Amino acid sequence: MTVITTGVGAAAAGRAVGRYDRVFYGGVALAAAAMTLIGFGPTYYLRFFDGGPQATISGGPFSTVVHLHGALFTAWMLLFIVQTALISSRRVAVHRRLGVLGALLAAGMVVVGVIAGVDLGRRGAAPEGVDPLSFMAIPLGDMVMFGGFVAAALARRRDRESHKRLMLLAYASILAAPAARLPGVLPLGPLAFYAIGFLVLVAGVIYDYASRRTIHRVYLLGGGLLLLSVPLRLALSGTEAWRSTARMLIAALG
């Protein structure tokens, strides 16, 4: 009887610790979607209505690659909302089946994201005053981080505590693009883009500590890697080694 009581008590304690997880992750999904819609609304989505933009933010055409890139990333945003809603409603089996679609979608996002990033360099597109070859390190670095976090999340899919945090980090790794398009943010530069995009990571850390009085190792290790990747890729982007790599990528894919 003691064992049974202890087991029930431990289960109840576990539920108490994570009682607001569904609310938190659902809120993050909606907040990230709102940032994406606000950022890309005037610069992309409104193109499908009268009076929308006639060119991308870099001045390039709305090519097939741009539209495919937009469709895949929009699908990811919607799928993330659906997946968090399925967990909130305890429809775990459906969540897992959709996870296969999520894995395929993420793979497509990485491939198309790399092609789109290389296309920017080929066209000489970059924010004012920034060398296009150097700027390629930003979107391509995002794809490396996103792909790495999704792969880690899939590998840890049976560990739900690690899995959901890795998926949050994957989302955080691609939020710099919509953050840069928020009103008044673009002139502030890459550090501002990433600082805004990484607010979901900050929220995750705060929520972990508030709900569990500790910070999960995924945030400590993965979040630390994500934060460190920004100054590292900015430093790398200015080197001749990176510029040579960028030229090879343009020659191969451009």
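Nothing here was measured: the structure is a model prediction, and the numbers come from that model.
Residues Gly222 and Phe149 approach most closely at O-CZ, 3.4 Å, considering heavy atoms. Of all non-hydrogen atoms in Val200 and Ala172, the two that sit nearest each other are CG2-CB, 3.4 Å. For the residue pair Val150 and Ala106, the shortest heavy atom distance occurs at CG1-CB, 3.7 Å. The two residues Pro132 and Ala126 make their nearest non-hydrogen contact at CA-CB, 3.8 Å.
Taking hydrophobic clusters as Ile, Leu, Val, Met, Phe, Trp and Tyr residues chained together by side-chain heavy-atom distances below 4.5 Å, Leu169 shares a cluster with Leu225. Under a hydrophobic-cluster definition in which Ile, Leu, Val, Met, Phe, Trp and Tyr are linked whenever side-chain heavy atoms come within less than 4.5 Å, directly or via other members, Leu232 and Phe198 are assigned to different clusters. If you chain together hydrophobic residues whose side chains sit under 4.5 Å apart, Leu188 and Val230 never meet in one group. Under the 4.5 Å side-chain contact rule for hydrophobic residues, Leu37 and Val28 share a cluster. Grouping the Ile, Leu, Val, Met, Phe, Trp and Tyr side chains by contacts below 4.5 angstrom, directly or via other members, places Leu221 apart from Met145.
Within the model, atoms CG of Leu86 and CZ of Arg96 stand 12.5 Å from one another, a figure rounded to the nearest 0.5 Å. The distance from atom CE of Met35 to atom CG of Leu199, rounded to the nearest 0.5 Å, is 6.0 Å. Atoms NZ and CD1, from Lys164 and Ile87 in turn, are 8.5 Å apart once rounded to the nearest 0.5 Å. For the atom pair OG1 (Thr84) and CG (Asp21), the distance works out to 12.5 Å, reported to the nearest 0.5 Å. A distance of 11.0 Å separates CD of Gln83 from CZ of Arg91, quoted to the nearest 0.5 Å.
Contact annotation: the side chain of Met143 never approaches that of Val111 to less than 4.5 Å [non-hydrogen atoms, C-beta and beyond]. Side-chain contact between Leu234 and Ile138 is present, with at least one heavy-atom pair separated by less than 4.5 Å. You'll find the side chain of Val218 stays beyond 4.5 Å of the side chain of Leu168, heavy atoms only. Side-chain contact between Asp208 and Thr214 is absent, with no heavy atoms from C-beta onward closer than 4.5 Å. Looking only at side-chain heavy atoms (C-beta outward), Val202 and Ile206 come within less than 4.5 Å of each other. Tyr45 is listed as a side-chain neighbour of Thr36, based on a closest heavy-atom distance under 4.5 Å. Within the 4.5 Å cutoff, the side chain of Glu161 has heavy atoms near those of the Arg212 side chain. Between Ile115 and Leu68, every side-chain heavy-atom pair lies at or beyond the 4.5 Å cut-off.
Put simply, the side chain of Thr43 gets close to the backbone of Gly39: a donor and an acceptor are under 3.5 Å apart. Of the possible donor and acceptor atoms, none in the side chain of Trp76 sits under 3.5 Å from a partner among the backbone N and O of Tyr171.
Seen from the ring of Phe49, Arg47 does not count as a face-on cation partner, given the 6.0 Å and 45° thresholds.
Contacts classified as salt bridge (charged side-chain N to carboxylate O under 4.0 Å, His left out) and involving residues 175-197 (residues at least two apart or in different chains) are not found. Sorted by first and then second residue, the pairs that involve residues 234-248 and meet salt bridge (charged side-chain N to carboxylate O under 4.0 Å, His left out), not counting sequence neighbours, are Asp131-Arg243, Glu240-Arg243, Glu240-Arg247. Residue pairs meeting the side chain to side chain donor-acceptor pair (under 3.5 Å) criterion with at least one partner in residues 224-239, sequence neighbours excluded, are Asp142-Arg233, Tyr194-Arg233, Ser229-Arg233. Under the side chain to side chain donor-acceptor pair (under 3.5 Å) criterion, the residue pairs touching residues 99-120 are Asp119-Arg122, Asp119-Arg123, with sequence neighbours excluded.
With sequence neighbours left out, the ring pair (Phe, Tyr, Trp, His ring centres under 6.0 Å) criterion links Tyr25 to no other residue. For the ring pair (Phe, Tyr, Trp, His ring centres under 6.0 Å) test, residues two or more places apart in sequence or in another chain that qualify with His69 are Phe73.
Ring geometry for Tyr44 versus His67: interplanar angle of 30 to 60°, hence tilted.
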**Study point:** Arg22 and Ser89: CA distance, side-chain angles, deciding distance, side chain to side chain contact (heavy atoms under 4.5 Å, CB included) verdict
**Key:** CA-CA 9 Å; Arg22 293 177 174 85; Ser89 59; over 6 Å; no
